[in-house]
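None of these values were measured; they are calculated from a predicted model. A, B, ... follow the sequence lines: proteins, then strands. Residue 1 opens every chain.
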Amino acid sequence: MGEWHRTHYCGEIGTGQVGAEVVVAGWVHRRRDHGGVLFVDLRDRTGIVQLVFNPDINPSAFSRADLVHSEWVIAARGKVQLRPAGMENPNLSTGAVEIYPNEVRILNTARTPPFYITDGDDVDESVRLRYRYLDLRRPALQRNIMLRHRIVKIIRDYFDSQGFLEIETPVLTRSTPEGARDFLVPSRLNPGTFYALPQSPQLFKQLLMVAGFDRYFQVVKVFRDEDLRGNRQPEFTQVDVEMSFPDRDEIFRHVEAMMAAVYKGALGIEIKTPFPRMSWQEAMDRYGSDKPDLRFGMAFVDLAAAAGKSTFEVFRRALATGGQVKGIVVPGGAAWSRKTIDQMENVAKDNGAGGLAWAAWGPDGVRSPVAKYFPEGIEAMLRAAGAAVGDLLLVAAGPAPVVARGLGAVRLAAGTQAGLIPTDQLAFTWVIDFPLFSYSEEEGRLVAEHHPFTAPHAEDMDLIDREPLRVRSWAYDLVLNGEELASGSIRIHRRDIQDKVFRALGFTQAEAQERFGFLLEAFEYGAPPHGGIALGLDRLVALMAGTGSIRDVIAFPKTSSGADLMVRAPAAVDKEQLDELHIRIKP
RNA sequence: GGAGGCGUAGUGUAGCGGUUUAACAUGUCGGCCUGUCACGCCGGAGAUCGCGGGUUCGAAUCCCGUCGCCUCCGCCA
């Protein structure tokens with residue numbers, strides 16, 4: 001740039017600068033060469049401004065500009081002028097004006113990029129990831145990354161204003177059982193031992209409460225070595241929060257206020273607080289999911305009474321064995337084709353249900369493959385479901401968890417199919433009173449539904465030994481539009497209760513001591529009651545940015561096989577490095 | 001770990017019911033063009049069809065394997 005100093009970002013140039021001499025710098029977005037007059041669109045992170053070069057007006061600037069190509073880096077100094085009448089470009093924020101440079105400096109040349117630096121150019125994601133620094137130049141990703149910054153800034157400001165301290169916790173820590181697979185880091189100084197990267201700063205934040213910091217938060221990377229998805233990365237970012245002497249409402253209030261500040265500050269959207277609450281049991285009973293999408297209705301209806309009057313073997317068997325018969329009503333679904341209904345049945349089957357019964361209540365009567373099993377007529381079941389003429393009733397039967405999962409998936413598919421899910425709504429809800437334990441078929445034992453430090457409800461304490469699956473906990477999730485945004489709990493701070501939970505989870509005293517001894521010991525030195533929550537930042541930003549993939553809001557994401565296609569990680573290392581780490585690769 | 005989809009000039013696609021000079025668009029290069037903004041017009045170059053093997057007189061095309069990317073299930077306290 002020499003002695004030049006940029007005076008404006010490209011996107012800042014407007015009618016306010018007309019007549020002024022400005023210096024802009026950026027990338028050549030496009031050049032349009034008309035033989036004589038030459039237009040160069042100059043781009044930076046704020047937008048695009050048009051530079052005009054005319055050989056009759058300024059031959060030296062023209063001949064210099066004539067050299068440039070796409071993505072060259074240039075600076076230009078010149079006067080801002082209103083465009084000639086009729087030449088304005090309404091698609092450009094700077095479209096009312098243009099710059100007539102009297103001097104251009106070529107700051108760097110560029111190879112022709114493998115794809116256009118523009119939105120909407122549908123390039124294979126692996127190509128984009130290989131050249132991520134070019135992909136990131138695209139306006140959509142620039143917007144996402146800037147939005148992410150804004151959101152994080154608001155979150156930090158909010159917690160700071162409320163007396164929370166951001167405290168860093170170790171990245172090299174200790175492997176703990178339960179939960180996801182750990183990423184391991186070999187210790188050179190201690191042969192044969194490994195650090196683990198944190199799945200969350202859970203234990204450290206509890207120790208910070210024991211240490212008396214009272215209100216903690218951290219925007220922190222965490223790591224889980226599990227298979228990936230569009231909204232799952234091996235490393236991702238949490239907003240981790242913990243408080244001493246809280247009650248649950250206080251934690252909810254902070255999260256609600258933080259979310260309100262984020263939506264207002266980053267998108268200008270007012271959201272309504274407090275968020276509604278729903279027990280886990282109700283969520284499962286009515287929506288078949290612990291993260292119900294409440295942007296639309298179609299709640300489950302219990303059809304046991306009506307189904308009990310049928311001779312349909314599937315219904316009778318479900319009810320006789322303590323299971324359920326439940327249905328959802330699709331408004332206007334009676335007009336659906338057989339093919340569409342079959343698709344719904346496939347959704348049910350893909351999600352573990354045996355099948356899907358249905359009854360379409362058309363103007364000419366009811367059409368249903370199971371009508372023949374209803375000696376008194378199937379209309380009674382339709383009425384019990386609250387269906388009206390024109391509606392479609394979809395029914396699943398079986399054990400409660402099977403009905404929940406199968407019909408829950410059908411509800412989402414049918415809601416989407418029927419166009420009932422408004423995309424412009426924000427349906428926040430707290431799901432509370434999760435069960436303390438669930439049963440792991442795989443491990444043949446109880447596992448912690450949230451984590452082993454979650455406090456049980458006091459009135460359910462006596463159930464821990466007798467009916468552990470019925471024990472409710474102080475765990476809660478924040479759900480937005482069917483996605484889990486945050487998850488937390490009030491923790492156990494008493495050693496006797498913690499011991500009881502460990503016993504129920506099948507840990508011996510010795511095992512508990514080996515794995516969590518430091519925490520249990522800390523609790524003996526005056527642990528305050530405490531609790532907190534962790535919010536998935538990437539998902540929140542993705543939702544706010546309107547993208548389905550968190551890869552679009554992470555600057556340098558990994559593929560679904562955990563690879564970074566740009567730096568080509570993971571990669572083999574030298575034998576010398578392995579030797580130092582006392583590691584030998586299995587042949 | 002399992003299922004499915006995709007892989008052809010730089011990029012996006014067509015060709016896939018077997019024999020083509022592997023087509024189109026865009027980009028790129030050259031020429032022309034003084035108000036465009038996805039500028040336009042003319043011309044050129046650019047692909048051993050992801051990789052390996054098999055079937056066949058003949059394979060981008062069919063079969064097997066493998067690698068990569070994407071989606072879903074399992075998994076993700």
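You won't find any donor-acceptor pair under 3.5 Å spanning the side chain of A:Arg31 and the base of B:C39, going by distance alone. For a distance-only test at 3.5 Å, the side chain of A:Asn89 fails to qualify as a donor-acceptor partner of the base of B:U36. Put simply, the side chain of A:Asp124 and the base of B:G7 share no donor and acceptor less than 3.5 Å apart. Side-chain atoms of A:Arg130 and base atoms of B:G68 include no donor and acceptor less than 3.5 Å apart. Contact of A:Glu98 with B:G35 (side chain to base): a donor-acceptor pair of N or O atoms is detected under 3.5 Å.
A:Phe39 comes within contact range of at least one nucleobase, with a heavy-atom separation under 4.0 Å. A:Thr454 comes within 4.0 angstrom of nothing in the nucleic acid, heavy atoms only. Among the heavy atoms of the strands lying under 4.0 Å from A:Glu449 are primed sugar atoms or P, OP1, OP2 only; no base atom is included. A:Asn351 comes within 4.0 angstrom of nothing in the nucleic acid, heavy atoms only. Contacts of A:Glu484 with the nucleic acid, taken as non-hydrogen atoms under 4.0 Å apart, are absent. No contact: A:Gly86 has no heavy atom under 4.0 Å from any strand. Within the nucleic acid shown, A:Tyr100 comes within 4.0 Å of at least one base atom, counting heavy atoms only. Contacts of A:Arg551 with the nucleic acid, taken as non-hydrogen atoms under 4.0 Å apart, involve only primed sugar atoms and P, OP1 or OP2. A:Glu125 comes within contact range of the sugar-phosphate backbone alone, with a heavy-atom separation under 4.0 Å but no base atom that close. Using a 4.0 Å heavy-atom cutoff across all strands shown, A:Ser200 reaches at least one base atom of the nucleic acid.
Annotation: of the two residues near RNA chain B, A:Leu129 and A:Val123, the 5′-most nearest-nucleotide partner is A:Val123. Residue-to-nucleotide proximity on RNA chain B shows that, of A:Val447 and A:Ser560, the 5′-proximal contact is made by A:Ser560.
A salt bridge is absent between A:Asp135 and A:Arg551; no separation between the charged side-chain nitrogens and carboxylate oxygens falls under 4.0 Å.
The number of heavy atoms from other shown groups lying within 6.0 Å of CZ (A:Arg470) does not exceed 12. More than 12 heavy atoms of other residues, nucleotides or ligands sit less than 6.0 Å from atom NZ of A:Lys500.
Taking the side chain of A:Glu226 as heavy atoms from C-beta on, and the options B:C70, B:C76, B:C29, the nearest nucleotide is B:C76. Considering only the side chain of A:His34, B:U34 comes nearest among B:U11, B:U34, B:C37. When each of B:C73, B:C29, B:U34 is scored by its nearest atom to the side-chain atoms of A:Pro55, the top-ranked nucleotide is B:U34. When each of B:U28, B:C76, B:G1 is scored by its nearest atom to the side-chain atoms of A:Asp227, the top-ranked nucleotide is B:G1. For A:Arg232, whose side chain is taken as the heavy atoms from C-beta onward, the closest listed nucleotide among B:G35, B:C69, B:C76 is B:C76. The nucleotide whose nearest atom lies closest to any side-chain atom of A:Met87 is, among B:C37, B:G10, B:G27, B:C37. You'll find that the side chain of A:Arg32 is closest to B:C39, out of B:C39, B:C72, B:C69. Proximity note for A:Arg405 (side chain, C-beta onward) versus B:C73, B:C37, B:U28: the nearest is B:C73. Closest to the side chain of A:Tyr116, out of B:G27, B:G35, B:C73, is B:G27. Distances from the side chain of A:Arg30 to the nucleotides B:C37, B:A38, B:C76 place B:A38 closest.
With A:Phe516 as the aromatic partner, A:Arg174 does not meet the cation-pi criteria of under 6.0 angstrom to the ring centre and within 45 degrees of the ring axis. Geometrically, A:Arg248 does not engage A:Tyr476 in a cation-pi contact defined by less than 6.0 Å to the ring centre and at most 45° from the axis.
If you take CZ of A:Arg229 and C1' of B:G74, they are 8 Å apart, rounded to a whole angstrom. At whole-Å resolution of the value, CD in A:Gln81 and C1' in B:G35 are 14 Å apart. A:Arg83 has its CZ atom 7 Å from the C1' atom of B:C37, to the nearest Å. Counting to the nearest Å, the P atom of B:A38 and the CZ atom of A:Arg138 are 17 Å from each other. Distance CZ (A:Phe183) to P (B:C75): 19 Å, rounded to an integer number of Å. At whole-Å resolution of the value, CG in A:Asp66 and P in B:C33 are 12 Å apart.
Across all strands shown, B:U71 forms a Watson-Crick or G-U wobble pair, both distances under 3.5 Å, with B:A3. Partner assigned to B:A60 is none, using Watson-Crick or G-U wobble distances below 3.5 angstrom. Base-pair partner of B:C41: B:G31 (Watson-Crick or G-U wobble, both distances under 3.5 Å). Look at B:G17: it lacks any Watson-Crick or wobble partner with both distances under 3.5 angstrom. The nucleotide B:G12 finds its pairing partner in B:C24, both defining distances of the Watson-Crick or G-U wobble pair being shorter than 3.5 Å.
If you take CH2 on A:Trp27 and CG on A:Asp41, they are separated by 15.5 Å, rounding to the nearest 0.5 Å.
Between A:His451 and A:Phe453, the two ring planes are tilted [angle within 30° to 60°].
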Quiz item: Do A:Ser200 and A:Gln238 pass the side-chain hydrogen bond (donor to acceptor under 3.5 Å, both in side chains) test, and can you show the C-alpha distance, the side-chain angles, and the key distance before you say yes or no?
Solution: CA-CA 8 Å; A:Ser200 90; A:Gln238 286 190 337; 4.8 Å; no
